[in-house]
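All values derive from a computational prediction rather than experimental measurement. Each chain gets a letter, A, B and so on, in the order its sequence line appears, and its residues count up from 1.
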2 protein chains.
Amino acid sequence: MPSVFDALSHPIRRDVLELLKRGGMSAGALADHFDVSKPTMSAHFAKLREAGLIQGEQCGGHIIYTLNLSTLEEALHGFMSRMGMNLTIPEDDQ
Amino acid sequence: MPSVFDALSHPIRRDVLELLKRGGMSAGALADHFDVSKPTMSAHFAKLREAGLIQGEQCGGHIIYTLNLSTLEEALHGFMSRMGMNLTIPEDDQ
DNA sequence: TTGTCATTTAGTTATTTAGCTAAATTCCTA
DNA sequence: TAGGAATTTAGCTAAATAACTAAATGACAA
C-alpha cells in the first residue's frame with residue numbers, strides 16, 4: 001500500500017493529477033498525453049488509486065478517472081503542519 | 001539528481017526534515033532517532049542534500065545539518081499552484 | 001603525531017520500480 | 001452472440017532503492 005508521497009514521486013503521476021484537476025478523463029485519453037505504453041500508464045493509475053488519489057468508474061466502454069482532491073489535501077496538510085506551514089484551498093470559481 | 005518529491009518519498013527522510021525544523025543537528029544525533037545503521041542514514045542525508053532540502057556544515061568533529069526550508073516551500077508551492085491550492089507560511093514566532 | 005570518535009565510501013544483497021510486449025478481460029454494438 | 005475497442009493482467013528485464021557490514025576518511029585532542 002503505497003503512501004501518497006510514494007504516488008507523488010513520479011512526474012507522470014503528478015502530471016496525471018493535474019490533468020484531472022478540472023474533471024474526469026478516461027484512462028485512454030489520459031494515456032495519450034504521455035510517451036509510454038498504455039500498460040505502463042495502467043500501472044501508474046493503479047498506484048494513484050491505491051494511494052487514494054484517484055478513483056475509476058466504469059462508464060460505457062471506458063473507465064473515467066477522477067481526482068480525489070481531499071486525499072491530496074489531507075496528506076499535504078498533514079505534512080505541512082508538521083513542518084510549520086499552512087495550506088489554504090481557494091474558493092471554487094463559479 | 002533526485003527531485004524534491006523523490007526525496008520526500010521515504011518516511012525517514014520526511015522525519016529528518018521535521019527534526020531539523022527548529023534548528024541544526026549533527027548527523028549522529030539525527031541518526032540516533034532512527035532504527036537503521038549510520039551508513040544507511042548517511043545515504044538518506046545525501047539524497048536530501050542532492051535535492052537541496054538540507055545542507056551540512058563541518059563544525060568541530062561533527063557535521064551539522066540544517067534545513068533549507070525555501071527549497072521545500074518552492075517545490076510544494078509549485079506543485080500546489082498547479083493543483084489549484086495555495087501555500088502560506090505563518091510569521092515566525094518571536 | 002597518534003589515537004579516537006564521527007561520518008562517509010565501498011561493496012554486496014534483496015526488493016521495488018518502471019518500462020516493454022503479448023495475452024486476457026470487459027463491455028458495448030451491430 | 002460475435003466483433004471490436006478500451007483497459008488491465010501476466011510475464012519479463014533493467015535499473016534504482018534501501019539496507020547491511022567492513023573499511024576508509026576527516027578532524028580534533030592528548
Fill in: Nearest-angstrom distance from the residue atom NE2 of A:His62 to P of D:dA6
6 Å
Discussion item. Nearest whole Å is fine: how far is D:dG26 P from B:Ile63 CD1?
Written reply: 11 Å
Worksheet entry | Near-ring test B:Phe5/A:Phe5, centroid separation under 6.0 angstrom | no
Worksheet item: For B:Glu57 and C:dA6, what is the distance between atoms CD and C1' respectively, to the nearest whole Å?
Response: 16 Å
Item to complete: Would you mind reading off the distance between A:Phe45 atom CZ and D:dA6 atom C1', rounded to a whole angstrom?
Response: 12 Å
Worksheet item: If you round to the nearest 0.5 Å, how far is CZ of A:Arg13 from CG of A:Leu53?
Response: 10.0 Å
Worksheet entry | Gap separating the OH atom of B:Tyr65 from the CG atom of B:Leu48, nearest 0.5 angstrom | 9.0 Å
Practice prompt. Examine C:dA6: is either OP1 or OP2 under 4.0 Å from a nitrogen or oxygen in the side chain of B:Tyr65? Give yes or no.
Written response: no
Worksheet item: Just by distance, with hydrogens left out, do B:Thr66 and B:Asn68 show a side-chain donor and acceptor under 3.5 Å apart?
Response: no
Item to complete: Do nucleotides 14-30 of chain C as a string where each nucleotide becomes B, S or -: B if the base has a protein heavy atom under 4.0 Å, S if just the sugar-phosphate does, - if no protein is that close.
Response: ---SSBBBB----SS--
Fill in: Close side-chain approach of B:Met41 and B:Val16, heavy atoms under 4.5 Å
yes
Item to complete: Find the distance A:Ile54:CD1 to D:dT7:P and express it as a whole number of Å.
Response: 12 Å
Worksheet item: What is the distance, rounded to the nearest whole Å, between atom CZ of B:Arg49 and atom C1' of C:dT7?
Response: 10 Å
Discussion item. If you count every heavy atom of other residues, nucleotides or ligands that lies below 6.0 Å from B:Gln58 atom CD, does the total exceed 12?
Written reply: yes
